[in-house]
Amino acid sequence: MQEAPTPRNEQKRIAALQAYNILDTASEQDFDELTQLASAICGTPIALISLVDKNRQWFKSRYGTDVTETDRALSFCAHAINKPNDILEVEDARADERFKNNALVTGDPNIVFYAGMPLVDEEGYALGSLCVIDHKRKQLNEQQQLALKILAGQVISKLKLRKKLLELENAGKRIQKLNTLLTLKEREAMQIIEHTPMSMALHTGEDMKIIFANKMMLKAWGKDSTVFGMPFNVALPELAALDFPKTMRQVYRKGIPYEQSEAHMSYLHEGQIKEFYYTYSFTPLKLEDGTVWGLLNTAYDVTQNVKSRESVELAEERLRLAVQSAELGTFYLDSATHEFVSSPRLKELFGFDPEEELSLSAALAQIAESHRYKVASAVNASLTQGSAFDIEYPVIGYHDNVQRWVRATGKVYASAEQGKAPFFSGTILDITERKQDEQRKNDFIGMVSHELRSPLTSISGYIQMLKIKAAKSNEPTITDIAEKAKRQVDRMSGLISGFLDVARLGEGKIKLNCERFNIARLLTDAEEEVLATVSTHVVNFANVEDVIVNADIEKIGQVLTNFINNAVKYSPFNSTIVVSCTTSGQVAKISVTDEGMGIPVEDQAHVFERFYRVESEQMKVVKGFGIGLYICKEIIESHGGKIGVNSKLDYGSTFWFELPVDQTE
Ligand code: ADP
């Protein structure tokens, strides 16, 4: 027996055969009819469609036998496929060297005659053969040979058809799968669009048909979902007038995205022409091969942002104009780097040229020495504690040496930039004229008070003499009159002293004679004075520990007396006044609490101002000039202390001041 030689293109041939997906499939009527026909035409009991696989021949159709496959080594067809264009006809296998020992010849099915026409596909691969077999010697006539060839051609056609059908079926399945995927993707995309917090819409086609738009986009258009499926022009004529479809079509055609930021537009929206600012973009949606299949329309309504920015810009402009017309100087100080930026006007007020560089230390150096430390401390307090900055001080011009008084106000602001340190910024106003006015007023007050003092001293002396005389000549009416006149003169001289103090304070001439003393002593002195002078109220002095301060005892006494006198003046007959002193940390705090009329909240911050008096019906009957507390404030602050009031209308007030405790041994 000779085994069939392996065809040269065997590997490709096997691949081609496998591509038909036919091996080991069930029998099919189409093929069975062809083997039946071959057997009938050729007059053989057996006909087969045999496909030559790697190690076997497998029968797609078998007529006259139940065998489904045999070993390739025994295959007659394996011989036949080596000559793809010819029928291999073996008249008597028993006498043929190639087959005589073949088990299929020597045993079942006892092949004697064999004729097989190779099944050659379009690419020229012989996949197997259509063969007829007989148990006796035989020869095909020409018609039979022709018929066998034609039938083999039919088998190939059927195989091809079957393959096409299979491919079609697979393609159908693939398309179905793709469609499902597409629907899924579309649904996903719609979900994303729906839930994105910006206006989004999907358009397709040259007419920019609206496939889908999320709620925000529908709101921006002023429409509802009835616009889905409509061309842009039809659905949104008011926007179409703004040339959107043209731009969109260009994006669609060219496949290049388009973007606009803060575009201004006005259109009819829910029945009204409205103005909007939009940052929008048109993004082409492309297939893998680059063709544009749709357009994503995204828009972000920035109307509010633009409008608020515009109003901030307007406010800034107004502020700038106001600053300019009020001739205010402005400054900016970075709390971290101490970078100091000042306006030309500020430089001018400090005696520098407007273009000159001005550092913080150079600016501080121009502040009059009497005020420099106070200003630097106030700046520092603002920076570290955020306290309000409002301070008046004289500046000596750098180039011109001219003294100008300025009022500086400022505040610490958190930086708008994240991670940046806060900054201190404010304005500086020239108040030289006001200060000069005040000076003139002070000079006048000083002069008048001075001039009044000497005659008053004489009057006081004369009254004293009158009193003595009246007492000697026993004239009680005159004594009484002299007594009253004395009281009025005392009051007047008290007032004049106050005016003189004010005048001196205005000149910055407050002179302190500081000494270390015990606050307990101050309170004992005050208590003695109160015992001698106050009979209308109950004045209680709380127990005081020993606390040493370094201060002008006379002036501090003046403050305390002023507080007590006010408490007497502004609270009802027989009510209680409490004087106390507490220390906490490095600070001693002295308070005078009354049960009087109290001070309205809005007046509390002002009672320490010069000539300020609370206006009310009750106040009309209490005499005063509104300078006592002003003097107190100046005295306490010149000691580096603090002064204040806590008060509730109709319940009473607590006036207090604080002084630093002296720590030296
Ligand atoms: P004067 O008492 O001469 O008016 P002051 O400077 O001592 O001036 O006080 C200023 C103002 O503060 C007073 O006019 C008054 O309205 C208010 N005031 C001061 N002390 C008291 C107090 N103990 N109770 C209520 N109001 C007070």
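Computed from a predicted model, the values in this text were never measured in an experiment. Indexing begins at 1, ligand by ligand and atom by atom, following the structure's order.
- For ligand 1, the atoms sitting less than 4.0 Å from at least one non-hydrogen atom of Ile627 are 6 (O), 8 (O), numbered in the order shown with element in parentheses.
- Note: His537 and Phe573 have perpendicular aromatic rings, judged against thresholds of 30 and 60 degrees for the angle between ring planes.
- The distance between the ring centers of Tyr278 and Phe276 falls below 6.0 angstrom.
- In this structure, the protein non-hydrogen atom closest to atom 3 (O) of ligand 1 is Phe625 N, 3.1 Å.
- Stacking of Lys441 on the aromatic ring of Phe444 is not recorded, the 6.0 Å distance cut-off and the 45° axial limit not both being met.
- Heavy-atom separations between Gly596 and ligand 1 are all 4.0 Å or longer.
- Below 3.5 Å of separation, one finds an N or O of Val614 facing an N or O of ligand 1.
- Remark: ligand 1 and Asp594 share an N or O pair separated by less than 3.5 Å (distance only, no angle test).
- Side-chain contact between Thr536 and Val568 is present, with heavy atoms from C-beta onward closer than 4.5 Å.
- Aromatic pair Phe331/Phe424: centroids less than 6.0 angstrom apart.
- Nearest protein heavy-atom neighbour of atom 10 (C) of ligand 1: Tyr612 O, 3.4 Å.
- The protein heavy atom nearest to atom 26 (N) of ligand 1 is Ile599 CG1, 3.4 Å.
- When each atom of ligand 1 is checked for a heavy atom of Ser653 under 4.0 Å away, the hits are 24 (N).
- Residue, atom and distance of the protein heavy atom nearest to atom 4 (O) of ligand 1 are Arg613 NE, 2.5 Å.
- A perpendicular orientation is assigned to the rings of Tyr267 and His269, their planes being inclined by more than 60° (bins at 30° and 60°).
- Scanning the protein for heavy atoms near atom 19 (C) of ligand 1, the closest one is Asn566 ND2, 3.5 Å.
- Side-chain contact between Leu360 and Leu364 is present, with heavy atoms from C-beta onward closer than 4.5 Å.
- A 4.5 Å side-chain heavy-atom check between Leu346 and Thr330 finds every atom pair outside the cut-off.
- Within the 4.0 Å heavy-atom criterion, the part of Asn562 lying near ligand 1 is the side chain and not the backbone.
- Among protein heavy atoms, atom 6 (O) of ligand 1 sits closest to Leu629 N, 2.8 Å.
- With sequence neighbours left out, the ring-ring contact (aromatic ring centres under 6.0 Å, His included) criterion links His264 to Tyr277.
- Partners of Phe563 under the ring-ring contact (aromatic ring centres under 6.0 Å, His included) rule, at least two apart in sequence or in another chain, are Phe655, Phe657.
- Atom 24 (N) of ligand 1 has as its closest protein heavy atom Tyr570 CB, 3.4 Å.
- The closest approach between Lys569 and ligand 1 falls below 4.0 Å for a heavy atom of the residue.
- Residue contact check for ligand 1: Phe608 places no non-hydrogen atom closer than 4.0 Å to it.
- Checking only distances, Gly628 does come within under 3.5 Å of ligand 1, N or O to N or O.
- Scanning the protein for heavy atoms near atom 17 (C) of ligand 1, the closest one is Val607 CG1, 4.1 Å.
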Begin with the C-alpha distance, continue with both residues' side-chain angles, and end with the deciding distance and a verdict on salt bridge (Lys or Arg N to Asp or Glu O under 4.0 Å) for Glu310 and Lys307.
CA-CA 5 Å; Glu310 277 176 358; Lys307 292 222 160 139; over 6 Å; no

